[in-house]
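Beneath this line is the structure, given in structure tokens, with notes to follow.
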Amino acid sequence: MRRTPILIGSLWALLLYTPSAAQAPASGADAHIATARAAAGQDYRATFMNLCLPSASPGGGRAAGPAAAARGAGGSAAAGSGATAPATPDRSGWYASPYKVFDNLYWLGTRQHSSWALRTSEGIIIIDTNFAWATQPEIIDGLSALRLDPRDIKYIIISHAHGDHDQGAAELQRSYGAKVVMGAVDWDSTLQRPVTAAGGVPKRDIAVGPEGTKITLGDTTVIVVPTPGHAPGTLSYVFPVLDQGKTVMVAYSGGTLTGAFGTDGARWDEYVTSQKKIARAAADAGATVLLSNHSEYDGAYTKARLVPLKREPGEEHPFLVGTDGVQRYFTVMAECALASKLRLGAK
């Protein structure tokens, strides 16, 4: 018998509907947790549980799955500190087929981590590149399986310099001459890695400072919004995609976990400010799609497999969550961070 789904569902129902201060006015951390819980609903429960619930690492977060052995403390990939390449995990635990999710956006992720290909009139923009061992099977072979040519990759935008998102950048840059876009602070740390680092070390291309930038390729512009917090150089994005010919706007969250912040109040404040910043950019653009670089947060692995199914009358695209749904996601992140800051007594 499989009881796990029932157990998880029951646990979430308890968390969702049993306020921690049911018999007294909520205050402090409890008030922020209650706000985050309400914003999460059923859509973002994994984000809520990772960020809001106390765990072994301060501020929440956990390392799990086949990538765990390649990750370091605080949720950072080991390659971010210059580690040599880890052994490739058993393919049966991570490989996923590539999927076309919008007219011009393709999911090239593993079951745990996402990479995306945004097709434009002048070539392809890759967003995040996964671990080195996934670059060939998921990105290069994935593009070919979708009848896209990897030689058309013009830009590689890295959300932050952790190995689960950047280890493929050097290979794609070297093989196809694509320009790598990364936060300036993350470039500084990346270029300090040894040549033996997993995936190699990319050559410095486009460094994004605190003012942000726009990457335009053909008919498509990606608004790059610096959102430091999870990593010092974290970048988030807003960009258009097409759903059956209709333009819809995407908000992309570049970094999530807060496990390394401890009692450093400035880092918590920076993270909260960043969530409010990308939330404003998403609202200004009217974003109705929320994407992340981890499937447990945006459900990409599951949703991507639903896209090819026939939509019945009245059914929306699986990735469409509406403007309110996008805003609720960033509310969860900000409110959980505020709760954790108070709980830890960070100053």
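Being a predicted model, the structure only gives us computed values, none of them experimental. Each residue takes its place number in the sequence, starting with 1.
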- Message: I need the R119 CZ to I125 CD1 distance, nearest 0.5 Å.
- Response: 12.0 Å
- Query: So if you build clusters from Ile, Leu, Val, Met, Phe, Trp, Tyr with side-chain heavy-atom gaps below 4.5 Å, do I124 and W116 land together?
  - Reply: no
- Message: Nearest 0.5 angstrom please: F102 CZ to L242 CG, how far?
- Response: 9.5 Å
- Between H317 and F319, how do the two ring planes meet: parallel, tilted or perpendicular, split at 30° and 60°? tilted
- Rounded to the nearest 0.5 Å, the OG atom of S159 sits from the CG atom of L291 at a distance of 12.0 Å
- Should we say atom NZ of K276 is surrounded by more than 12 heavy atoms from elsewhere, each under 6.0 Å from it? no
- Message: Under a 4.0 Å threshold between the charged nitrogen and the carboxylate oxygen, would D284 count as salt-bridged to R280?
- Response: no
- Are V250 and V181 in one and the same hydrophobic cluster, where Ile, Leu, Val, Met, Phe, Trp and Tyr link if side-chain heavy atoms are under 4.5 Å apart? yes
- Query: Do S292 and Y329 come close enough that some side-chain heavy atom pair is under 4.5 Å?
  - Reply: yes
- Task: Would you check if M249 and V326 make a side-chain contact, meaning some heavy-atom pair closer than 4.5 Å?
- Result: no
- Item | Under-4.0 Å salt bridge between D188 and R204 | yes
- Kindly say whether K203 contributes a backbone atom to a donor-acceptor pair with the side chain of Q173 at under 3.5 angstrom? yes
- Message: Over 60° means perpendicular and under 30° means parallel, so tell me whether H230 and H160 are parallel, tilted or perpendicular.
- Response: perpendicular
- Query: Any side-chain heavy-atom pair from L118 and Y155 closer than 4.5 angstrom?
  - Reply: no
- Task: Measure across Y44 and Y297 and return the closest heavy-atom pair with its distance rounded to 0.1 Å.
- Result: CD2-O, 4.0 Å
- Query: Is a donor on one side and an acceptor on the other found under 3.5 Å between the side chain of R193 and the backbone of S189?
  - Reply: no
- Item | Heavy atoms of other groups near K303 NZ, more than 12 under 6.0 Å | yes
- Decide yes or no for W187 and V180: does some side-chain heavy atom of the first lie under 4.5 Å from some side-chain heavy atom of the second? yes
- Task: To the nearest 0.5 angstrom, please state how far the CG atom of D186 sits from the OG1 atom of T234.
- Result: 6.0 Å
- Query: Looking at D128 and S114, what are the two nearest heavy atoms and their distance?
  - Reply: CB-O, 3.8 Å
- For the residue pair T129 and T135, what are the closest heavy atoms and their distance? O-OG1, 3.8 Å
- Message: Going by side chain to side chain donor-acceptor pair (under 3.5 Å), H32 matches just one of R37, K341, R343, E335. Which one?
- Response: E335
- side-chain contact (heavy atoms from CB on, under 4.5 Å) assessment of T256 paired with N50: CA-CA 9 Å; T256 307; N50 270 277; 6.0 Å; no
- Message: Under a 3.5 Å threshold, yes or no: a donor from one side chain and an acceptor from the other, between Q136 and D141?
- Response: yes
- Do V208 and P226 come close enough that some side-chain heavy atom pair is under 4.5 Å? yes
- If only atom types and distance count, is the side chain of R305 paired as donor or acceptor with the main-chain N or O of S97 below 3.5 Å? no
- Are I153 and L217 joined in one hydrophobic group, where the rule is that I, L, V, M, F, W and Y side chains link up if heavy atoms are under 4.5 Å apart? no
- With a 4.5 Å limit on heavy-atom distance, are the side chains of V224 and V222 in contact? yes
- Kindly compute the distance separating CG (L105) from CZ (F239), expressed to the nearest 0.5 Å. 5.5 Å
- Task: Verify side-chain hydrogen bond (donor to acceptor under 3.5 Å, both in side chains) between T120 and T220, making sure each step is shown before the conclusion.
- Result: CA-CA 6 Å; T120 79; T220 303; 5.2 Å; no
- Message: Please report the interatomic distance CG(L235) to CD1(I223), rounded to the nearest 0.5 Å.
- Response: 13.5 Å
- Message: Before you tell me yes or no, could you show the steps for L320 and V289 under side-chain contact (heavy atoms from CB on, under 4.5 Å), namely the whole-Å CA-CA distance, both residues' side-chain angles and the distance that decides it to 0.1 Å?
- Response: CA-CA 5 Å; L320 284 175; V289 175; 3.5 Å; yes
- A134 to T110 - nearest heavy-atom pair and separation: CB-CG2, 3.9 Å
- Query: Okay, side chain of W268, backbone of A346: is any donor-acceptor separation there less than 3.5 Å?
  - Reply: no
- Message: Counting only heavy atoms not in R151 (residues, nucleotides, ligands), do more than 12 fall under 6.0 Å from its CZ?
- Response: no
- Under 3.5 Å donor-acceptor, Q167 side chain and W133 backbone: no
- Is a side-chain N or O of S274 found less than 3.5 angstrom from the main chain of P228, in a donor-acceptor match? yes
- Message: Is there a continuous path of hydrophobic side-chain contacts, each under 4.5 Å between heavy atoms, that joins V321 to I278?
- Response: yes
- Query: What are the two closest heavy atoms between A161 and M182, and how far apart are they?
  - Reply: CB-SD, 4.2 Å
- Query: Is W107 reachable from I139 through a run of I, L, V, M, F, W or Y residues, each pair having side-chain heavy atoms under 4.5 Å apart?
  - Reply: no
- Parallel, tilted or perpendicular for Y252 and Y237, by the 30°/60° rule? tilted
- Message: Please give me the minimum heavy-atom distance between T331 and A39, naming the atom from each residue.
- Response: CG2-CB, 3.8 Å
- Hey, does I156 have a side-chain heavy atom less than 4.5 Å from the side chain of Y176? no
- Query: Can Q112 and D164 be counted as having a side-chain donor-acceptor contact under 3.5 angstrom?
  - Reply: no
- Note, S253 side chain near M333 side chain (heavy atom, < 4.5 Å): yes
- Query: Is a donor on one side and an acceptor on the other found under 3.5 Å between the side chain of S236 and the backbone of G254?
  - Reply: yes
- Query: What orientation do H294 and H165 show, parallel under 30°, tilted 30 to 60°, or perpendicular over 60°?
  - Reply: perpendicular
- Query: Any cation-pi pair here, R267 with Y271, using under 6.0 Å and within 45°?
  - Reply: no
